[in-house]
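Worksheet for the structure shown next.
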Amino acid sequence: MTADTLLRQITDYANRPNPYPLYAELREAGPVVRQADGSYLIGTYHEITALLHDPRISADPRSRPTAPVDLPEEAPQPPFLRLDDPEHHRLRTLCMRPFGPPHSPARIDAMRAQITELTEELIEGRQDRTRIDIVDDFAYPLPVTVICRLLGVPREDEPLFRQWSDAIVASADVTPEEDTTERDRAGRQARIEMGRYLVDLAEQRRGHPGDDMLSAFINEPDPAMRLTREELAETAVLLLIAGHETTVNLITNGVLTLLRHPDQLDRLRRDPGLLPGAVEELLRYEPPVHMRERTPLADVDVAGFRIPKGAPLVLVLASGNRDPKRFHEPDRFDPTRPDNQHLGFGSGIHLCFGAPLARIEAHTALGALIPLLGTATLAQDPPPYRRNAMLRGPRHLPIEVQPLA
């Protein structure tokens, strides 16, 4: 294999359990590595960061020369994370009003008690079992339920969202040889149904607001700051799917990493005050998102290398997180690492919208699990990973544990 096939090697499922040696090859091959398929890979921290802040680099898939001209009927509007400014800025600003500072500074922080309660319920639910799957029994149901509560979904309807989320996630986990027609159709249909449900639920709260985000969206007093029906549907679906997928991986990767580093697990058990820093280190060391696709809107020079307008550009964030030119001993897991400005949530205008919530969920979940992990062992290492090339995390993480007293 040569450097111009690195993307094919990185996305090969056989390398999913440990892509980091390939990332080292990518960084050694240069800041910019052209692939045989015409795409360009970037794996170094400083170059990735600069491109994420460059307005000439587009996140909109419609800016690609190969973008589809004919979209399916009832295709959803692109979410703001796939738009460029100024439209991205407009939608993100409208969505941030009921989500976080400066307009709603207490909303996410107020979720702490609910997240703690849900976490405790999930742990207690394992009762006397000696084998649990961290994904299915814990990391998967927690963020789905949290987002449903944030949006104000009635509890009796929460199972619907698990079904829709299953279909959407499954549509992203495919193998290169697989016929994805039916899975893609099911994923699109789930998005449409979820969007319709959330818009209808929001309409029921018009003039009768509750303390939830859908109520805040639909009862926005300023006409200039209101989302259209289509924007509301896509934004609500985005909050659920994006907030769910990444948090599942963050929690599961965290448990796997701690069980592989029993010395650091014991350190965190003895000093829980180190946990916030440990979450940041997990976002660097084993991030939920490994790559982002972008498109140059003009010819762009990177470290003396010219990337032509319209060329497929792949920013390997997880490689940047292990760049020795930015992080000391980058392959070492260190919960007390200083100046940890990782790329786990991206950077620039598309910095992860739900990062504050994800941090609280990971902090709470891992804090509750750590006391139980001291007697736990991995039932399978490496575990089976998801097929998605952009998002990396185990599909299952079975562990053997001592039964609760």
Side-chain angles (χ1 to χ4, degrees), residues 11-20 118-119 121-147 158-159 161-178 180 183 186-187 190 240-262 265 282-283 285-290 318 333 358 361-362 364-366 368-370 372-404:
T11 55
D12 185 338
Y13 183 72
N15 295 315
R16 197 62 43 78
N18 185 18
Y20 295 103
L118 291 168
T119 300
E121 289 175 1
L122 289 169
I123 290 177
E124 290 171 2
R126 76 179 185 90
Q127 299 176 350
D128 295 330
R129 293 164 56 192
T130 59
R131 185 182 178 106
I132 62 174
D133 183 344
I134 290 295
V135 177
D136 287 348
D137 297 329
F138 194 84
Y140 184 88
L142 177 63
V144 171
T145 307
V146 169
I147 296 293
E158 288 177 3
F161 281 80
R162 296 193 184 184
Q163 295 173 23
W164 287 325
S165 183
D166 282 344
I168 294 168
V169 170
S171 69
D173 289 349
V174 296
T175 58
E177 304 81 15
E178 186 177 0
T180 64
R183 197 175 289 190
L240 186 101
I241 300 304
H244 165 250
E245 289 186 87
T246 53
T247 306
V248 171
N249 287 349
L250 176 55
I251 294 171
T252 309
N253 287 337
V255 172
L256 178 60
T257 300
L258 291 175
L259 289 176
R260 285 174 171 173
H261 296 82
L265 173 60
L282 288 168
L283 284 160
Y285 186 78
E286 286 282 18
V289 180
H290 272 228
F333 175 63
E361 289 178 282
T364 304
L366 293 174
L369 286 170
I370 281 173
L372 307 178
L373 297 179
T375 59
T377 56
L378 290 167
Q380 186 178 357
D381 193 12
Y385 277 80
R386 295 180 54 188
R387 294 277 176 179
N388 192 304
M390 299 290 171
L391 303 173
R392 179 175 172 274
R395 176 59 190 90
H396 297 285
L397 186 63
I399 64 173
E400 305 285 348
V401 295
Q402 295 295 323
L404 286 172

Subject >> Contact check, side chains of P143 and L240, non-hydrogen atoms, under 4.5 Å >> reply: no

Original post:
Is there a donor-acceptor pair closer than 3.5 Å between any side-chain N or O of R392 and the backbone N or O of V289?
Top reply: no

Original post:
Is the shortest heavy-atom distance from the side chain of P394 to the side chain of N253 under 4.5 Å?
Top reply: yes

Original post:
Do R162 side-chain atoms and T145 backbone N/O form a donor-acceptor pair below 3.5 Å?
Top reply: no

Original post:
Can you tell me if Y13 uses its side chain to pair, donor with acceptor, with the backbone of Y385 under 3.5 Å?
Top reply: yes

Original post:
Does any non-hydrogen side-chain atom of D136 lie less than 4.5 Å from one of R395?
Top reply: yes

Subject >> Any side-chain heavy-atom pair of L373 and I399 under 4.5 Å >> reply: yes

Subject >> From T11 atom OG1 to H290 atom NE2, the distance as rounded to the nearest 0.5 Å >> reply: 13.5 Å

Subject >> Validation row: T247, L142 side chains within 4.5 angstrom (heavy atoms) >> reply: no

Subject >> Mutual orientation of the aromatic rings belonging to H244 and Y140 [parallel < 30°, tilted 30-60°, perpendicular > 60°] >> reply: perpendicular

Subject >> Shortest non-hydrogen separation from A139 to V248 and the atoms involved >> reply: O-CG2, 3.2 Å

**OP:** Answer yes or no: is there a side-chain heavy-atom contact under 4.5 Å between D137 and L122?
**Re:** no

**OP:** Give the minimum heavy-atom separation between N249 and G393, together with the two atoms involved.
**Re:** OD1-CA, 3.6 Å

**OP:** Kindly give the heavy-atom pair with the smallest separation between A379 and E400, and that separation in Å.
**Re:** CB-OE2, 4.1 Å

Original post:
Between L369 and L258, is any pair of side-chain heavy atoms under 4.5 Å apart?
Top reply: no

Subject >> V146/L118 under side chain to side chain contact (heavy atoms under 4.5 Å, CB included): CA gap, chis, key distance, verdict >> reply: CA-CA 8 Å; V146 169; L118 291 168; 3.9 Å; yes

Original post:
Out of curiosity, I370 CD1 to L265 CG, how far, rounded to the nearest 0.5 Å?
Top reply: 6.0 Å

Original post:
Looking only at heavy atoms, which two atoms of A186 and A167 are closest? And how far apart?
Top reply: O-CB, 4.0 Å

Original post:
Any donor-acceptor pair under 3.5 Å linking the side chain of R131 with the backbone of P398?
Top reply: no

**OP:** Kindly indicate whether the side chain of E158, heavy atoms from C-beta on, has any atom under 4.5 Å from the side chain of V144.
**Re:** no

**OP:** First locate atom CD of E245, then atom CZ of R386, and finally report the distance between them rounded to the nearest 0.5 Å.
**Re:** 5.0 Å

Subject >> H396 versus P383, closest heavy-atom pair with distance >> reply: O-CB, 3.3 Å

Original post:
Can you tell me how far the OG1 atom of T257 sits from the NE2 atom of H261, to the nearest 0.5 Å?
Top reply: 7.0 Å

**OP:** If the plane angle is over 60° it's perpendicular, under 30° parallel, otherwise tilted; pick one for Y20 and Y285.
**Re:** parallel

**OP:** Check A376 against V401 and note the closest heavy-atom contact, atom names and distance.
**Re:** CB-CG1, 3.7 Å

**OP:** For E361, enumerate each residue passing the salt bridge (Lys or Arg N to Asp or Glu O under 4.0 Å) test, keeping only those at least two apart in sequence or located in another chain.
**Re:** none

Original post:
What is the distance from atom OG1 of T252 to atom CG of L397, rounded to the nearest 0.5 Å?
Top reply: 6.5 Å

